[in-house]
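Report on the structure given below.
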Amino acid sequence: MKTLLLATLHKALEEAHPYRLTLKALPRAKPHLILAVGKGAAWMLKAALDRYGEVPYHLTLPKGQEALGLKALFAGHPLPDGESLRAAQEVLELLKGLSPKARVLALVSGGGSALWCLPLGISLEEKRALTEALLKSGASIGEVNTVRKHLSQVKGGRLLLATRARVQVLLLSDVPGDDPSVVASGPFHPDPSTYREALAILDRYGLAFPEARRVLHEGLTGRLPETLKPQDPALKRLSSRIAGRNLDLLRAAQRFLRGEGHRAVILSDRFGGEARALARFHAELVDTIRTQGLPFRKPLFLLSGGEAQVHVRGKGLGGRNLEFLLSLYAHLQAPLYALAADSDGLDGPSGAAGALLTPEVWDLGLDPRPHLEANDSLGFFQRAGTLLNTGPTGTNLNDFRLLLVD
């Protein structure tokens, strides 16, 4: 059964590969410039160059990722670094120099928020510290991006405002709901959020950061321009399309399992909230199916996606998928087979893509409580011996969860 779980994940990643998805979505007209950023950017760019031939391009990838023989700038992720500044500045200058007749193709995937980073009014160090604090606070990706957009010269549609060119954006969505303004913090898309909301998020999670608050207050009082808003005439120069999303990944897995003769149900592609609460929901659903045959009869596979958050209180290591599985293990009444992984191959700072639960893990008799208290899901699965190590996959279509209820 472990082999089937792994085969399902690999088949889903193959079917929802960014090269394949991008080829299907490319516009007909050859662009004058291609900008590619994010974890899926190399394969997206390769698809575009294979279609159009030679086109000037700018490619920004996370450090450690394969560039597929393309010229690339490698920047920090999940926290921006000096190369993130350089990349954003280069892209900004390229866009400023284009004529109104120019056509830009922007290939944007998750991770772009950190890879293109040009802070507004604060230092890179302050931006890094604030981003890290937000990620550890349990804030949703939408909340994180609301703050980042209002402290940036390139996010929240500001890149569209910086150019006179026409821009076609293709997106690989790594956010629940597939909102284009959230993917990579929407460098070309309108942003409905405000400076007031950004300040409220800092208040909500008890984050001080006086320099960031100073900038947000300046925006609130009108001394700084807002991000691109939905009524702005600049949007007449923008067109966009979602080339791939989490649902593509889940449907590919469902087709594969059905082809192997198994029943498989997709619960949702947009689960969010705390990883532990999400695990409890899944555990309660598994128990209800097992004991009452509702809302599905067993045996069957449950598939779900989206992106949970982890409120980090301890000093351990892990990621949202490892935290999900550890909490699932703690809540379940009986063993099961399950897999949870980030489709990009890296679950937070753990270094692993995710992990598996198998009946053998229960046989070990490991106590989940100290690991939960320390946010040390990585340590738990190292002891269990079921970590899933894929390395960077070259895509980013959010999280993948697969449970067998028998």
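- From L303, atom CG reaches atom CG of L339 across 10.5 Å, with rounding to the nearest 0.5 Å.
- The residues E323 and R320 are annotated as not salt-bridged, no charged nitrogen and carboxylate oxygen being separated by less than 4.0 angstrom.
- Judged by distance alone, the side chain of E93 and the main-chain N or O of E90 form no donor-acceptor pair under 3.5 Å.
- Minimum interatomic distance between L224 and G219 (heavy atoms only, all atoms of both residues): CB-CA, 3.9 Å.
- The number of heavy-atom neighbours closer than 6.0 Å to CZ of R196, taken from other residues, nucleotides and ligands shown, is 12 or below.
- Qualifying ring-ring contact (aromatic ring centres under 6.0 Å, His included) partners for F188, counting only residues two or more places apart in sequence or in other chains: none.
- In this structure the side chain of L85 reaches within 4.5 angstrom of the side chain of L118, judged on heavy atoms.
- Ring-plane geometry between Y329 and W362 is classed as tilted, the angle between the planes lying from 30 to 60 degrees on a 0 to 90 degree scale.
- Atom SG of C117 is separated from atom CG of L151 by 9.5 Å, given to the nearest 0.5 angstrom.
- Note: H10 NE2 to L5 CG = 10.5 Å, rounded to the nearest 0.5 Å.
- Taking the side chain as every heavy atom from C-beta outward, L249 and L13 approach each other to under 4.5 Å.
- The main-chain N or O of P299 is found under 3.5 Å from a side-chain atom of R263 such that the two form a donor-acceptor pair.
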Check: Can you list the steps and then say if R86 with E83 is a salt bridge (charged side-chain N to carboxylate O under 4.0 Å, His left out)?
Finding: CA-CA 5 Å; R86 176 185 163 194; E83 294 303 295; 3.2 Å; yes
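- The ring-ring contact (aromatic ring centres under 6.0 Å, His included) check on F281 picks up F271, with sequence neighbours excluded.
- Atom NZ of K136 sits in a sparse spot, with 12 or fewer heavy atoms from other residues, nucleotides or ligands closer than 6.0 Å.
- Atom-to-atom distance recorded for T163:OG1 and L94:CG is 9.5 Å, nearest 0.5 angstrom.
- A cation-pi arrangement is found for R401 relative to F324, the charged atom lying closer than 6.0 Å to the ring centre and inside a 45° cone about the ring normal.
- Considering every non-hydrogen atom in both P100 and R166, the closest pair reads O-NE, 4.0 Å.
- Note on E284 versus R280: salt bridge recorded, some NZ/NE/NH1/NH2 to OD/OE distance being below 4.0 Å.
- Taking 4.5 Å as the limit, every side-chain heavy atom of V405 sits out of range of all side-chain heavy atoms of F296.
- The two residues I289 and P295 come nearest to each other via the heavy atoms CG1-CD, 4.2 Å.
- In this model, a donor atom of one side chain and an acceptor atom of the other lie less than 3.5 Å apart for D399 and N321.
- Under the 3.5 Å distance criterion, with hydrogens and angles disregarded, a donor-acceptor pair is assigned to the side chains of T227 and K229.
- With salt bridges taken as basic N to acidic carboxylate O contacts below 4.0 Å, none links R245 and D269.
- The nearest pair of heavy atoms linking T390 to G345 is OG1-CA, 3.4 Å.
- Between the side chain of T386 and the backbone N or O of L357 there is no donor-acceptor pair closer than 3.5 Å.
- Looking at R290, R297, K298 one by one, the single match for salt bridge (Lys or Arg N to Asp or Glu O under 4.0 Å) with D406 turns out to be R290.
- We find the CG-CZ distance between L134 and R148 to be 8.0 Å, quoted to the nearest 0.5 Å.
- Residues L95 and L98 meet the side-chain proximity criterion, which asks for heavy atoms closer than 4.5 Å.
- With sequence neighbours excluded, no residue forms a side-chain hydrogen bond (donor to acceptor under 3.5 Å, both in side chains) with R237.
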Note to self: Please evaluate residues L402 and L302 with respect to the criterion side-chain contact (heavy atoms from CB on, under 4.5 Å), reporting the C-alpha separation (whole Å), side-chain torsions for both, the decisive distance (0.1 Å), and the verdict.
What the structure shows: CA-CA 6 Å; L402 176 62; L302 301 177; over 6 Å; no
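- In this structure the side chain of S240 reaches within 4.5 angstrom of the side chain of H189, judged on heavy atoms.
- Side-chain contact between L317 and L322 is absent, with no heavy-atom pair separated by less than 4.5 Å.
- Without hydrogens or angle criteria, Q309 side chain to E307 main chain gives a donor-acceptor distance under 3.5 Å.
- A donor-acceptor contact closer than 3.5 angstrom is absent between the side chains of T22 and W43.
- A salt bridge is absent between D174 and K39: the closest approach of a Lys/Arg side-chain nitrogen to an acidic carboxylate oxygen does not fall below 4.0 angstrom.
- Residues passing the ring-ring contact (aromatic ring centres under 6.0 Å, His included) test with H150 are Y195, sequence neighbours excluded.
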Note to self: Let's go through L235 and L228 carefully: what are the C-alpha distance in whole Å and the side-chain angles of both, what is the deciding distance for side-chain contact (heavy atoms from CB on, under 4.5 Å) to 0.1 Å, and is it a yes or a no?
What the structure shows: CA-CA 9 Å; L235 292 170; L228 177 69; 3.7 Å; yes
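- A search for side-chain hydrogen bond (donor to acceptor under 3.5 Å, both in side chains) contacts involving K155 returns nothing, not counting sequence neighbours.
- Between the side chain of R103 and the backbone N or O of K30 there is at least one donor-acceptor pair closer than 3.5 Å.
- Ion pair E360/K2 not flagged as a salt bridge, since none of the NZ, NE, NH1 or NH2 atoms sits closer than 4.0 Å to an Asp/Glu carboxylate oxygen.
- Between L92 and L159 there is a side-chain heavy-atom pair separated by less than 4.5 Å.
- Nearest heavy-atom pair across K101 and H32 is O-CE1, 3.8 Å.
- How far CD of Q65 is from CG of D344: 8.5 Å, rounded to the nearest 0.5 Å.
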Notebook entry, point to check: Hey, mind stepping through S343 and N396 against side-chain contact (heavy atoms from CB on, under 4.5 Å) and telling me if it holds?
Noted result: CA-CA 6 Å; S343 61; N396 192 10; 4.2 Å; yes
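- Using a 4.5 Å cut-off on side-chain heavy atoms (C-beta onward), L21 and L170 make no contact.
- Taking a cutoff of 4.0 Å between a charged side-chain nitrogen and a carboxylate oxygen, R213 and D203 qualify as a salt bridge.
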Check: What's the verdict on side-chain contact (heavy atoms from CB on, under 4.5 Å) for S173 and N398, showing C-alpha distance, side-chain angles and the deciding distance?
Finding: CA-CA 8 Å; S173 172; N398 227 317; over 6 Å; no
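- Salt bridge R214/E211: present, at least one basic N to carboxylate O contact under 4.0 Å.
- Listed by chain and residue number, F380 satisfy the ring-ring contact (aromatic ring centres under 6.0 Å, His included) test with H371 (two or more places apart in sequence, or in another chain).
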Next item on the list: Report the C-alpha distance between S185 and N145 in whole Å, list the side-chain angles of each, state the deciding distance to 0.1 Å, and finish with yes or no for side chain to side chain donor-acceptor pair (under 3.5 Å).
Entry: CA-CA 5 Å; S185 297; N145 283 348; 3.0 Å; yes
